[in-house]
Every structure is written in C-alpha cells, then in structure tokens.
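Keep in mind that the numbers below use all heavy atoms, side chains included, and drop hydrogens, waters and symmetry copies. Computed from a prediction, not measured in an experiment: that's the story for all the values here.
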Amino acid sequence: MKQQLLNTLKPFGQEHLLTFWDDLTAAEQKTLAGQIESIDFGRIAGLYSRRNEPAESLSVAGCANDPPGYKFSTVTDPSPVRMPKPITAAEAVQAGENALQNGKAACCLVAGGQGTRLGFPHPKGMFPIGPLSKATLFQFHFEKVKALSQRYHYSVPYCIMTSPATHRETVDFLRNPPDGAKPYFGLAEEDVFIFCQGTMPAVSLENGKVLLESKGSIALSPDGHGGMLAAMAKGTAESPSVLATLRQRGIEYLFYNQVDNPLVRIGSPEFLGYHLLSGSELTSQVIRKKNPAERVGNIIEASGKLYVIEYSDLPESVAKQTLADGSLKIWAGSIAVHVFSIHLLERSAKNADLLPFHIAKKKVPFIETATGHLIKPDKENAIKFERFMFDLLPLAVNAAVVEVDAANHYAPLKNAPGNADSPETVRRDISAMHRSWLNRAGAVTAADAVAEISPLFADSPEMLAGKIQKGETFGTAVLLR
Ligand code: UTP
C-alpha cells in the first residue's frame with residue numbers, strides 16, 4: 001500500500017506525508033491512506049500556484065456601483081436604495097405568504113465552522129446564548145423553524161450543514177437536547193436533514209507542502225460555507241441528495257443563515273416576497289454601512305452582476321464615493337442571510353469547479369517531518385482553502401439585496417467575552433430587540449429590563465402584539481415561553 005500511495009504523492013512532491021508510515025499502527029495507516037486517497041493533489045498544486053492571483057471580484061472593485069435592492073419595512077434610515085422595480089412591503093409580504101402557504105420554502109443552517117475566535121470547546125450552535133433561559137443558538141433556530149411550520153401548516157424541511165469538526169457532537173446534541181427538550185427541539189426527525197461538508201488540507205505557505213497534524217493524519221479543515229453546494233448535491237446509492245429530496249418535496253426556495261446570528265428572521269415572508277417579485281435567484285440581506293472603512297463584506301454591482309468584495313479589497317477612493325443625497329454609494333454590508341432559488345443551486349451544483357477557492361493565511365500547528373516535533377507557529381505559516389456561498393451572486397439571475405436594520409436582524413456571535421460580537425453584546429441585542437417588540441405591542445417594561453421571547457411564543461413583533469394586553473406591565477426580567 002505504501003508504494004501505491006507514494007505513486008500518488010510523488011508527482012506533486014508530497015511524499016513527506018509518509019515520513020512516519022512505518023511507525024504507525026495498522027489502523028493509523030488506514031486513516032492516513034484514506035485521507036491521501038480523498039485529496040485531489042493536482043487541484044491543491046494548482047490552487048497553490050495561483051495563490052497570488054487576484055479574485056474575480058477584485059478586478060471589478062474599481063468600478064463598483066451600489067447594488068439593486070429593497071428596504072425591509074423595519075428600516076428607518078431614509079437613504080435611497082436603487083429598486084429595480086417598485087415593490088411595496090405589503091406586496092412583498094403577500095407574495096411571500098402565498099409561497100409559504102403553498103409549502104414552497106425550506107430552511108438551511110450552516111454550522112460547520114470551527115468557531116476558533118469564540119474559543120468555545122463545542123460546536124457554536126451549542127453555545128447558551130439566551131439572556132435569561134440560556135437557550136442555545138441551535139434552540140433559537142430550531143424553534144423558529146418550528147414556529148414557521150406551525151404558522152403555515154406544513155413540515156418545513158430543515159437542512160443543517162455540519163463538518164467533520166462539528167458533526168458527531170451536533171448530531172448527538174440535536175437528538176438529545178439538554179433539560180428534557182424534545183429531540184430536534186420538537187421538529188420531526190424526517191424533516192431534519194443533517195449533512196456534512198467536505199474538507200481541504202492546509203498547506204505550507206512557504207512551499208505548498210500539505211501539513212501533517214499528527215504523524216498519522218493530515219491537517220484538514222472544513223472547506224468553507226460554500227462547501228454547502230457540493231455537500232447538498234451529493235447523494236449515495238442508498239439515499240438521494242438533500243437537494244433532490246427538497247425538490248421531491250416541492251420546495252422551490254431555501255432560506256439560508258449562519259449559526260451565529262440569533263436575531264435572524266427565519267422564513268420572513270417579506271424577505272421571500274422581494275425575492276419572488278423581483279425575479280431574483282439569490283437575494284441577500286445587507287445592513288447599511290456607517291462609514292466607508294467598515295470591516296464588512298461589501299455587496300456591489302459591476303457590469304450587471306453582484307459581487308461581495310472584502311473591505312480590505314475595496315479601494316479607498318471607491319469606498320468613499322457618495323450618492324446625490326450624500327449617503328455612501330457602496331453602502332451594503334453582507335450579513336450572510338440569503339434566499340436561494342432551488343434551481344440556482346441545482347444548476348450550479350452541476351459544475352464542481354464553479355465556486356472559486358479563497359485563500360486564508362492562518363497559524364496551523366503541524367508536525368515537522370525532519371524531527372517529528374509538533375510545531376505551534378507564532379505567525380501565519382499555512383494556507384487554508386475555503387469556498388463561500390456568496391460567490392453564487394454573480395451567477396444568479398436578477399440577484400438583489402434587501403436592506404435590513406441590525407437591531408431587528410443581526411447580532412453575530414464571533415468572539416470571546418470582552419470583545420465586539422461576543423456573548424455579552426449578543427445577549428444585550430437579543431434583549432433590546434425583544435424589549436422593543438414588547439413596547440411596540442403596548443407593554444410597559446423597565447428601560448433596562450432583560451427580555452427574552454421564545455420563537456414558539458412569538459417570532460415577530462406582529463405575532464407578539466396578538467398575545468400582549470396594551471398597558472401590561474413587566475418587571476426587570478421578562479421571559480416569555
Ligand atoms: P465564520 O466565518 O464566522 O467562521 O463562519 P467560524 O468557524 O464560525 O468562526 P472562526 O472564524 O473559526 O472564529 C460563518 C458561518 O459559516 C459556517 C459557520 O459555522 C458559521 O455559521 N461555516 C464556516 C461552515 O458551515 N463551514 C465552514 O467551513 C466555515
């Protein structure tokens with residue numbers, strides 16, 4: 001077997017992966033051989049050799065325009081959005097409601113990331129984020145999908161993407177959630193589709209050699225949230241792909257969100273309605289940038305296509321441009337909440353090389369083959385390759401954005417306590433949003449009351465309004481479940 005593996009590795013200068021082969025147990029050899037066989041070393045060599053080539057989006061950064069889009073009804077900022085055709089919020093809600101009443105939408109949660117910045121020793125979805133209940137991120141998301149199913153009277157399929165880094169623990173957690181909660185927080189098992197994304201090896205920044213994380217295994221990491229496209233389309237002889245299953249169930253639209261944002265309005269009819277009425281295949285939520293240099297992915301339009309351009313790649317002169325009313329021209333910061341038309345995913349999945357790989361320079365611990373020692377680098381030593389779902393934007397017909405306000409839609413859990421986008425800031429934002437829903441419904445709360453409303457009690461201010469008496473008074477901690 002060793003010789004066969006050497007034959008695979010030699011043309012690409014990767015024979016060092018077998019340095020410790022003879023010291024490995026039979027089981028370790030089997031694991032390493034499996035990893036080597038699953039890697040496309042030709043692709044890795046090509047990606048490494050093109051590592052300094054600019055991404056397609058960079059080539060259009062100089063001529064970036066504001067993207068076509070719509071304003072969500074909760075947005076109060078009056079700055080203009082370039083609407084491709086006039087659609088009112090009421091029309092959008094009506095169109096979205098019709099599609100939901102006809103059972104046309106499913107939801108997808110990407111939860112394969114390693115969550116390194118948060119430093120939590122479990123999948124991020126297991127993080128207890130509820131300000132009062134300590135409900136996990138997973139619970140918030142699952143209860144929103146359950147509420148959606150109840151409101152529209154159909155079993156909304158819920159697709160959960162994991163990675164080898166998060167799969168086992170996520171499956172165990174969802175089957176047996178804590179505190180006596182029902183499996184899958186009350187969703188039926190046959191409506192939950194858990195699928196695992198692929199991996200890519202980390203390579204040395206210096207010479208493109210694939211890194212070993214131990215003597216018998218390669219340093220592999222999830223292949224980015226864009227790995228969803230291939231993973232959803234992958235079926236086996238025994239079971240059809242998730243994408244094929246959605247199609248069989250008559251699904252035409254997929255709400256997508258990331259695990260770290262508990263404010264997301266999963267299944268918003270208004271958001272879906274803009275997607276439908278604008279004839280878009282991919283519609284993305286954005287928040288308005290407060291200043292030109294804000295550290296967000298910018299959604300821009302160039303030559304009739306939409307792209308995401310990282311803040312670091314946007315020329316300062318372009319970032320500072322303004323529209324006639326003085327507002328920023330490049331105003332749309334992506335928050336990674338999308339609606340995909342299923343046919344866009346089906347069409348795109350046919351081409352395995354459609355989504356480009358982005359490179360990220362990272363510190364990756366590795367085994368030094370000369371000594372067998374584990375090296376923990378103090379500066380970036382490796383390249384990781386990742387794909388992103390937003391790279392479907394330029395390929396989608398009539399792609400559009402919908403401006404939403406962060407207060408009602410976006411509070412990402414990214415960092416450890418003491419930083420921005422950390423447990424304290426996310427809990428504060430959940431509480432502020434729910435307090436504002438209560439006040440809007442006519443309830444009286446202390447200005448600093450901590451509020452938390454389970455999605456099963458009410459998952460929108462409109463729904464809450466039907467359950468609260470005007471003038472109803474609450475104390476300093478309000479938990480509605
Ligand atoms: P981030 O880019 O914030 O990464 O992921 P992360 O893994 O959560 O955190 P860091 O960067 O290691 O600190 C955004 C979303 O995309 C998912 C994450 O689970 C999160 O929902 N994701 C990311 C995947 O599903 N797969 C990936 O390969 C990467």
Side-chain angles (χ1 to χ4, degrees), residues 107 109 111 115 118-151 158 160 166 169-170 172-187 192 257-267 406-417 421-441 443-468 472-481:
C107 303
L109 178 73
L118 180 63
F120 179 60
H122 305 287
K124 207 187 265 187
M126 290 167 60
F127 193 89
I129 199 65
L132 293 167
S133 69
K134 300 283 180 281
T136 58
L137 283 163
F138 278 137
Q139 181 166 353
F140 271 89
H141 296 310
F142 272 73
E143 289 187 350
K144 286 181 196 193
V145 176
K146 173 110 179 137
L148 193 67
S149 302
Q150 286 171 341
R151 180 151 3 105
Y158 199 18
I160 312 295
T166 63
E169 239 187 311
T170 300
D172 291 346
F173 178 83
L174 293 175
R175 278 191 188 143
N176 278 306
D179 305 326
K182 291 191 187 138
Y184 308 103
F185 297 101
L187 290 184
V192 179
N257 70 279
Q258 305 190 332
V259 73
D260 51 27
N261 176 21
L263 297 200
V264 60
R265 296 261 186 107
I266 296 180
N408 282 294
H409 293 269
Y410 188 56
L413 179 63
K414 298 282 184 195
N415 300 313
D421 300 337
S422 62
E424 312 90 272
T425 65
V426 176
R427 290 190 182 115
R428 177 200 66 200
D429 292 350
I430 294 173
S431 180
M433 182 177 83
H434 287 158
R435 210 167 46 232
S436 80
W437 291 10
L438 283 162
N439 297 149
R440 192 172 138 183
V444 180
T445 60
D448 58 353
V450 180
E452 181 182 336
I453 300 167
S454 154
L456 292 177
F457 187 85
D459 69 345
S460 66
E462 296 75 28
M463 195 168 168
L464 184 69
K467 296 192 164 181
I468 293 288
E472 203 171 333
T473 303
F474 292 94
T476 51
V478 191
L479 176 62
L480 298 176
R481 297 196 60 82

Within residues 446-468 or reaching into it, pairs that qualify as salt bridge (charged side-chain N to carboxylate O under 4.0 Å, His left out) - sequence neighbours excluded = Arg151-Asp459, Arg440-Glu462

When rounded to the nearest 0.5 Å, the distance separating OG1 of Thr425 from CG of Asn415 is 8.0 Å

Could you check if a side-chain atom of Asp421 sits within less than 4.5 angstrom of a side-chain atom of Leu413, using non-hydrogen atoms only?
-> no

Nearest heavy-atom neighbours spanning Ser422 and Ala416 = CB-O, 3.3 Å

Can you name the closest pair of heavy atoms from Ala407 and Leu263 and give their distance?
-> O-CD1, 3.6 Å

Looking at Leu187 and Ser149, what are the two nearest heavy atoms and their distance?
-> CD2-OG, 4.5 Å

d(Gln139 CD, Ile129 CD1) to nearest 0.5 Å is 12.5 Å

Hits for side chain to side chain donor-acceptor pair (under 3.5 Å) against Tyr410, two or more places apart or cross-chain, chain-then-number order -> none

Listed by chain and number, what are the ring-ring contact (aromatic ring centres under 6.0 Å, His included) partners of Phe140, not counting sequence neighbours?
-> none

CE-CZ distance between Met463 and Phe457, expressed to the nearest 0.5 angstrom | 8.5 Å

Evaluate the side-chain proximity of Phe185 to Val192: yes if any heavy-atom separation is below 4.5 Å, no if none is.
-> no

Minimum heavy-atom distance Glu169-Pro121, with the two atoms named | OE1-O, 4.3 Å

Taking all non-hydrogen atoms of both residues into account, name the closest pair between Val259 and Leu109 and its distance.
-> CA-CD1, 3.7 Å

Considering residues at least two apart in sequence or located in another chain, which fulfil the side-chain contact (heavy atoms from CB on, under 4.5 Å) criterion with Pro417?
-> Pro423, Glu424

Looking at residues at least two apart in the chain, or sitting in another chain, which of them share a side chain to side chain donor-acceptor pair (under 3.5 Å) with Glu472?
-> none

Residue list, ring-ring contact (aromatic ring centres under 6.0 Å, His included) with His141, at least two apart or on another chain | none

Mind checking what makes side-chain contact (heavy atoms from CB on, under 4.5 Å) contact with Val450, not counting sequence neighbours?
-> Pro131, Leu132, Ser431

Pairing residues for Asn408 by the side chain to side chain donor-acceptor pair (under 3.5 Å) criterion, not counting sequence neighbours | Asp405

Aromatic ring centroids of Phe142 and Tyr158 under 6.0 Å?
-> yes

When rounded to the nearest 0.5 Å, the distance separating CG of Leu438 from OG1 of Thr473 is 11.0 Å

Partners of Asp260 by salt bridge (charged side-chain N to carboxylate O under 4.0 Å, His left out), sequence neighbours excluded?
-> Lys124, Lys414

Does the Asp179 side chain pair with the main chain of Ala181, one donor and one acceptor, at a distance under 3.5 Å?
-> no

Ser133 side chain vs Gly130 backbone, donor-acceptor pair below 3.5 Å = no

Which salt bridge (charged side-chain N to carboxylate O under 4.0 Å, His left out) pairs, counting each pair once, include a residue from residues 129-146, with sequence neighbours left out?
-> Glu143-Arg481

CG/Leu480 to OG/Ser454 distance, rounded to the nearest 0.5 angstrom?
-> 9.0 Å

Non-hydrogen side-chain atoms of Asn176 and Pro183 separated by less than 4.5 Å = no

Quick one: OH on Tyr184 to CD1 on Ile160, what's the gap to the nearest 0.5 Å?
-> 10.0 Å

Residues forming a side-chain contact (heavy atoms from CB on, under 4.5 Å) with Ala432, sequence neighbours excluded = Arg435

Would you say His409's side chain and Val264's backbone share a donor-acceptor pair under 3.5 angstrom?
-> no

Derivation and outcome, side chain to side chain contact (heavy atoms under 4.5 Å, CB included), residues Ile468 and Phe474 | CA-CA 11 Å; Ile468 293 288; Phe474 292 94; 3.9 Å; yes

Side chain to side chain donor-acceptor pair (under 3.5 Å) partners of Asp172, counting only residues at least two apart | Arg168

Within a strict 4.5 Å, meaning less than it, do heavy atoms of the Thr136 and Phe173 side chains meet?
-> yes

Of all heavy-atom pairs linking Cys107 and Leu148, the shortest is SG-CD2, 3.8 Å

